[in-house]
Protein chains: 2
Amino acid sequence: MKEARKSIEEKLLLAARRLFCRAGIHATGVTRILEEAGVARASLYTHYGSKENLLKAVFDTEANMWFHWFDLDLPHLKCSPRERILALFDLLEKWFAKEDFFGCVFINAVAEHEKDSRWVKDIAGAYRDQIIDRLRSLVVESGARDPDMLTQKLGLIIEGAIVTAMVTQNSQAAYIARLAAEDVLRCMEYAPSPTENSASSAAPVTMESI
Amino acid sequence: MKEARKSIEEKLLLAARRLFCRAGIHATGVTRILEEAGVARASLYTHYGSKENLLKAVFDTEANMWFHWFDLDLPHLKCSPRERILALFDLLEKWFAKEDFFGCVFINAVAEHEKDSRWVKDIAGAYRDQIIDRLRSLVVESGARDPDMLTQKLGLIIEGAIVTAMVTQNSQAAYIARLAAEDVLRCMEYAPSPTENSASSAAPVTMESI
DNA sequence: AATAAAATAGACTGATCGGTCTGTTTTTGA
DNA sequence: TCAAAAACAGACCGATCAGTCTATTTTATT
């Protein structure tokens with residue numbers, strides 16, 4: 001296949017995302033980003049204008065990873081909504097196992113910036129809301145009785161998996177998280193799905209019957 | 001009661017812990033710590049020698065908070081081991097609700113330092129191991145069938161709660177985490193405790209009977 | 001009250017930061 | 001092929017960083 005040459009923006013984004021997560025945002029100087037990207041100093045400023053704007057662009061790429069999972073990868077799976085939720089943890093495991101996984105740039109950025117800073121919290125929070133919304137759609141599809149509560153539990157478990165994987169440098173955190181997610185799913189009562197299981201009684205499915 | 005005057009070490013520790021978590025470690029200059037602590041510049045260096053040593057001392061205070069919970073607060077509760085595990089999440093909720101809660105200094109420090117840095121990862125990791133060990137003791141006390149797995153699940157949920165509370169600035173994360181913890185406890189089979197329930201059958205308690 | 005030790009304010013240093021600017025080389029498109 | 005645009009290397013700037021130092025004031029001990 002064609003060896004597509006990376007654009008300057010791509011080279012900067014890849015190097016910045018990697019370094020911001022591996023070494024921290026404040027601890028990463030622009031000089032180091034430029035060395036790793038193999039790009040001239042002035043190019044960073046003609047393309048992004050500032051280190052801060054480059055960070056915002058890295059936020060974009062990280063959010064797009066999540067959107068790709070929810071909007072393209074998971075819908076293509078031929079399985080039940082419940083299994084689609086669990087498949088998310090398999091995607092997490094592949095992410096954690098990458099040699100350049102060093103945590104989530106949103107979480108890390110919030111951790112190392114002024115907590116009442118407008119722009120970091122607002123941008124990271126807005127992306128987080130969009131990701132949680134997609135998770136909630138998956139949960140609603142599954143027919144859970146209390147989708148908001150289940151979404152919050154799963155979101156918390158996902159964030160716990162990310163942080164545990166970062167501090168332990170072990171992708172097994174995704175597997176633990178998947179098992180914990182199975183537990184909370186098992187404990188949630190499901191309403192019968194309108195498309196499948198239409199012959200069963202109207203009584204909710206309890207955890208004993210799963 | 002006596003108005004105990006804070007020592008210079010205490011004033012520096014309190015200000016540093018607060019600022020390291022609220023604004024980030026790299027983003028916090030020593031000048032700002034000194035202003036907030038109301039202490040002279042030279043005093044920081046006579047007492048701690050460097051900003052890095054001050055961070056290590058902050059690690060100590062954060063670890064002592066956890067040790068106090070596990071070694072003093074929880075053992076005093078007159079309740080079942082299972083309820084003691086859940087009481088941990090009530091302690092988390094009180095922590096999150098404090099007006100100067102801005103995340104866990106261990107997690108935040110790992111997030112914003114070089115991931116293969118020896119000292120940050122080693123110190124934070126060693127404290128984490130000690131905390132997880134105490135959690136495992138609680139789990140073993142509860143008589144769970146697979147204490148290692150349960151400990152990992154609960155540890156992951158706790159870290160998820162901390163990060164969720166940090167990014168959402170909402171102590172409700174502890175409540176969600178407690179409910180999730182109840183779910184994983186419910187799904188874990190318990191062996192009969194040797195001290196209580198000695199009259200029951202040898203069959204393990206399943207989740208239906210809880 | 002006198003003296004020694006500790007804490008104070010704040011100037012200072014060398015290094016590094018994000019960002020700008022200059023001049024040269026490479027790429028691109030007609 | 002040739003001119004315009006883009007990317008290049010690297011010097012440079014003002015600000016800020018952690019840490020040192022001096023000189024003064026406060027505290028503690030006798």
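So that the names make sense, note that chain A is the first sequence line, chain B the second, and so on, each numbered from 1. Every heavy atom of this structure was used, including side-chain atoms; hydrogens, water molecules and symmetry mates were not.
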Shorter than 3.5 Å, N or O on both sides, protein versus nucleotides 25-29 of chain D: list them out with atom names.
none

* Structure fact -> Given the options A:Ile25, A:Ile33, A:Asp100, A:Leu19 meets side-chain contact (heavy atoms from CB on, under 4.5 Å) only with A:Ile33
* **Neighbours of DNA chain C within residues 15-27 of chain A, by heavy-atom distance under 4.0 Å** => none
* Is the backbone N or O of B:His113 less than 3.5 Å from a side-chain atom of B:Lys115, with the two atoms forming a donor-acceptor pair by type? -> yes
* **Donor-acceptor contact present, side-chain B:Lys51 to main-chain B:Thr28, <3.5 Å** => yes
Under 3.5 Å, N/O pairs linking protein and nucleotides 5-7 of chain C:
none

* Would you indicate what B:Ser50 reaches in the nucleic acid, counting non-hydrogen atoms under 4.0 angstrom: base, sugar-phosphate, or nothing? => sugar-phosphate
* Asked: Could you state the CG-P distance from A:Leu55 to C:dC17, rounded to the nearest angstrom?
  -> 17 Å
* Go through A:Ile162 and A:Phe96 one step at a time and tell me if the side-chain contact (heavy atoms from CB on, under 4.5 Å) criterion holds. => CA-CA 8 Å; A:Ile162 294 170; A:Phe96 297 166; 4.0 Å; yes
* Would you indicate what B:Gly38 reaches in the nucleic acid, counting non-hydrogen atoms under 4.0 angstrom: base, sugar-phosphate, or nothing? => sugar-phosphate
Atom pairs, protein N/O to nucleotides 21-28 of chain C N/O, distance under 3.5 Å:
none

* side-chain contact (heavy atoms from CB on, under 4.5 Å) between B:Gln152 and A:Leu179, intermediate numbers included -> CA-CA 10 Å; B:Gln152 289 189 83; A:Leu179 294 181; over 6 Å; no
* To do: Report the distance from atom CG of A:Leu34 to atom P of D:dG10, rounded to the nearest whole Å.
  => 13 Å
* **Residue pair A:Leu13 / A:Val58: nearest heavy atoms and the distance that separates them** => CD2-N, 3.8 Å
* Ignoring hydrogens and geometry, is there a side-chain-to-backbone donor-acceptor pair from B:Asn53 to B:Tyr48 under 3.5 Å? -> yes
* Asked: How bent is the helix from C:dA1-D:dT30 to C:dA30-D:dT1, comparing axes over its five end pairs at each side, to the nearest 10°?
  -> 30°
* Asked: Is there a donor-acceptor pair under 3.5 Å between the side chain of A:Glu112 and the backbone N or O of A:Gly24?
  -> no
* **Between D:dA7 (C1') and A:Glu35 (CD): distance, integer Å** => 17 Å
* Roughly, in whole Å, what's the span from OH in A:Tyr45 to C1' in D:dA9? -> 15 Å
* Within the structure shown, what part of the strands sits under 4.0 Å from B:Thr28 by heavy-atom distance: base, sugar-phosphate, or nothing? -> sugar-phosphate
* Under 3.5 Å, is there a donor-acceptor pair between the side chain of B:Thr164 and the main chain of B:Ala161? -> no
* To do: Return the value, rounded to whole Å, for the distance between atom CG of B:Leu44 and atom C1' of D:dA18.
  => 10 Å
* Asked: B:Lys51 has an atom NZ; how far is it from atom C1' of C:dT16, in whole Å?
  -> 13 Å
* Could you tell me which residues satisfy side-chain contact (heavy atoms from CB on, under 4.5 Å) with A:Leu74, sequence neighbours excluded, listed by chain and number? => A:Phe70, A:Leu77, A:Arg84, A:Ala87, A:Leu88, A:Leu91, A:Leu138
* **Neighbour count above 12 (heavy atom, 6.0 Å) for A:Tyr175 OH** => no
* Find the distance A:Glu52:CD to C:dC17:C1' and express it as a whole number of Å. => 15 Å
* Rounded distance (Å) that lies between atom P of D:dT16 and atom CD1 of B:Ile33 -> 17 Å
* Asked: Do any N or O atoms from the side chain of B:Glu62 and from the backbone of B:Val105 form a donor-acceptor pair under 3.5 angstrom?
  -> yes
* Between A:Arg178 and A:Asp90, is the closest basic N to carboxylate O distance under 4.0 Å? -> yes
